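Structure record follows, encoded as structure tokens.
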Amino acid sequence: MFHRPRILRNSNSIREMVSETRLQPSNFILPLFVEEGTQIKTAIPSMPGTYRWSLDLLEKELESILNLGIRSVLLFAKVPDNLKEDTCREALNPDGLLPRAIRFAKEKFPELVVMSDIALDPYSPYGHDGLVKNGRIINDETVIALAQMSLVHAQAGADFVAPSDMMDGRIIAIRNELEKNQLTETGILSYSAKYASCLYGPFRDALDSAPGFGDKKTYQMNPANRREAIKEVQADIQEGADIIMVKPAGYYLDIIREVKNSVSIPLAAYQVSGEYAMIKASAARGWLNENEAILESLLAIKRAGADLIATYFAKEACNLLE
Ligand code: PBG
């Protein structure tokens with residue numbers, strides 16, 4: 001026998017020395033939900049341990065996030081029913097909840113990297129990411145709205161706008177809109193390869209944004225496709241994306257690796273609400289060890305090639321890594 005691979009696994013010290021992958025707090029992006037009101041911390045039943053925050057309570061939460069070493073949050077707003085309109089007008093309101101949340105976060109914590117979701121679903125009575133006409137999701141008018149929405153968020157101080165809608169041509173439209181308005185320091189994190197997944201269910205509970213008719217398969221990708229992810233990613237890079245993202249993460253590790261091998265800009269992956277819920281639910285029954293499941297799921301995403309991981313487990317993971 002010439003090789004004894006177990007030598008490199010003999011002790012914790014050796015294992016750490018030769019570890020090929022390491023998770024760090026600065027790898028994580030924490031998605032956060034905000035809602036109107038004061039003194040509100042609403043539990044989300046299908047995402048135990050995750051909340052919707054009113055802005056006044058957000059300050060403390062952001063402080064604890066920064067103290068753990070997390071550098072970035074990704075903000076989502078729950079929009080009240082009476083503001084959901086066919087035109088999705090509220091998405092462009094400079095005094096809407098999300099722009100206010102961005103301003104608040106950047107005023108209190110200038111060093112925090114604030115990212116904001118760009119898509120119309122929370123603002124649409126149909127729960128679709130784009131504008132709806134005659135039962136169809138219309139691309140080009142949606143893209144104009146998304147570019148304007150990005151401008152509003154950039155003007156509010158967002159470091160990155162994060163379009164999650166999967167319309168064609170939105171990255172170049174957003175980049176042009178930012179350039180036209182001299183917002184040359186705002187980044188674009190593009191959800192480039194976002195699949196039409198069952199794993200967004202708990203998120204749609206959190207924002208009450210489930211599609212009112214049909215599904216999202218005419219814009220989100222078919223889970224059967226791998227080559228198409230490369231095409232989407234390359235288009236977004238050419239259009240000016242600064243960071244690209246694959247979503248979901250855990251079921252799509254092959255996509256993460258394939259994309260990683262074909263690009264030279266930072267790659268993010270989104271461990272989505274359903275991935276979170278699956279771990280939480282089985283841990284609650286004692287079927288999986290929660291801490292081990294969290295770290296292994298995140299390590300796998302990193303090993304597959306993600307530089308950044310958007311995850312609802314960001315805080316727990318930082319505590320576990322300490
Ligand atoms: C909306 C959006 C969704 C998620 C992020 N942005 C839901 C969807 O596309 O229906 C999902 C995130 C998650 O499940 O954690 N554009």
Side-chain angles (χ1 to χ4, degrees), residues 28-34 44-52 73-79 84 88 90-91 98 115-132 137 139 142-143 145-146 149-150 153 158 160-167 170-171 174 188-223 232 243-252 268-281 294 297-298 301 306 308-314:
F28 300 132
I29 300 167
L30 178 63
L32 279 181
F33 302 112
V34 294
I44 301 162
S46 50
M47 300 178 72
T50 298
Y51 302 89
R52 285 195 310 263
V73 294
L74 175 57
L75 298 177
F76 296 92
K78 173 156 180 359
V79 179
K84 298 190 185 203
C88 301
E90 180 63 11
L98 205 41
M115 306 188 171
S116 64
D117 186 60
I118 302 292
L120 298 180
D121 47 325
Y123 305 91
S124 157
Y126 305 106
H128 275 292
D129 293 35
L131 297 167
V132 177
I137 317 308
N139 194 88
T142 299
V143 166
L146 295 171
M149 185 180 181
S150 300
H153 290 196
F160 286 83
V161 290
S164 66
D165 54 284
M166 290 299 281
M167 298 299 129
R170 88 271 210 224
I171 301 302
I174 292 170
I188 303 175
L189 182 157
S190 176
Y191 291 64
S192 301
K194 175 171 176 178
Y195 287 86
S197 172
C198 70
L199 296 168
Y200 309 146
F203 173 98
R204 293 173 188 171
D205 294 343
L207 294 189
D208 185 23
S209 64
F213 69 88
D215 50 43
K216 298 193 175 186
K217 291 178 183 171
T218 68
Y219 44 107
Q220 298 178 351
M221 284 178 54
N222 180 351
E232 285 281 4
I243 304 175
I244 47 163
M245 187 148 77
V246 171
K247 173 182 176 186
Y251 281 10
Y252 295 83
Y270 198 143
Q271 183 181 51
V272 299
S273 57
E275 297 176 74
Y276 177 87
M278 287 193 292
I279 290 177
K280 281 287 182 185
I294 291 172
S297 68
L298 295 170
I301 295 164
L308 300 167
I309 306 173
T311 173
Y312 303 96
F313 284 125

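Each ligand, and each atom within it, is numbered from 1 in the order the structure gives. Keep in mind the model is a prediction, meaning the values are calculated, not measured. Side chains are part of it too, since the values below use all heavy atoms of this structure and drop only hydrogens, waters and symmetry mates.
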Counting distance only, does the side-chain N/O of [X] pair as donor-acceptor with the main-chain N or O of [Y] below 3.5 Å?
| X | Y | answer |
| --- | --- | --- |
| Arg52 | Ala206 | yes |
| Tyr312 | Val272 | no |
| Ser273 | Phe203 | yes |
| Ser190 | Ile244 | no |
| Lys247 | Gln271 | no |
| Glu275 | Gly250 | yes |

* Asked: Are the side chains of Pro122 and Phe76 in touch, meaning some heavy atoms are under 4.5 Å apart?
  -> no
Which residue and non-hydrogen atom of the protein lie closest to [atom], and at what distance in Å?
| atom | value |
| --- | --- |
| atom 9 (O) of ligand 1 | Lys194 NZ, 2.7 Å |
| atom 14 (O) of ligand 1 | Ser273 OG, 2.7 Å |
| atom 3 (C) of ligand 1 | Phe203 CE2, 3.3 Å |
| atom 1 (C) of ligand 1 | Asp121 OD2, 2.8 Å |

Looking at ligand 1, is there an atom of it that comes within less than 4.0 Å of some heavy atom belonging to [X]?
| X | answer |
| --- | --- |
| Phe76 | yes |
| Lys247 | yes |
| Gln271 | no |

* Using heavy atoms and a threshold below 4.0 Å, how should the contact between Val272 and ligand 1 be classified: side chain, backbone, both, or neither? -> both
* Could you tell me whether Tyr312 approaches ligand 1 through its side chain, its backbone, both or neither, with non-hydrogen atoms closer than 4.0 Å? => side chain
[X] heavy atoms, cut-off 4.0 Å: which ligand 1 atoms fall inside?
| X | value |
| --- | --- |
| Arg204 | 8 (C), 10 (O) |
| Asp117 | 6 (N) |
| Tyr270 | 12 (C), 15 (O) |
| Lys216 | 8 (C), 9 (O), 10 (O) |
| Ala119 | 16 (N) |
| Ser164 | 1 (C), 2 (C), 6 (N), 16 (N) |

* Heavy-atom pair with the smallest gap, counting every atom of Ala196 and Lys217 -> CB-CG, 4.0 Å
* Structure fact -> In terms of heavy-atom contacts, Cys88 and Ser124 come closest through SG-CB, 3.7 Å
* Looking only at N/O atoms, are Tyr191 and ligand 1 under 3.5 Å apart anywhere? -> no
* May I ask you to check whether Gln220 has an N/O atom sitting below 3.5 Å from an N/O atom of ligand 1? => yes
* Go through the steps to decide whether Asp121 and Lys216 satisfy the test salt bridge (Lys or Arg N to Asp or Glu O under 4.0 Å), and finish with yes or no. => CA-CA 11 Å; Asp121 47 325; Lys216 298 193 175 186; 3.5 Å; yes
* Asked: Are the aromatic rings of Tyr276 and Phe313 close, with centres under 6.0 Å apart?
  -> yes
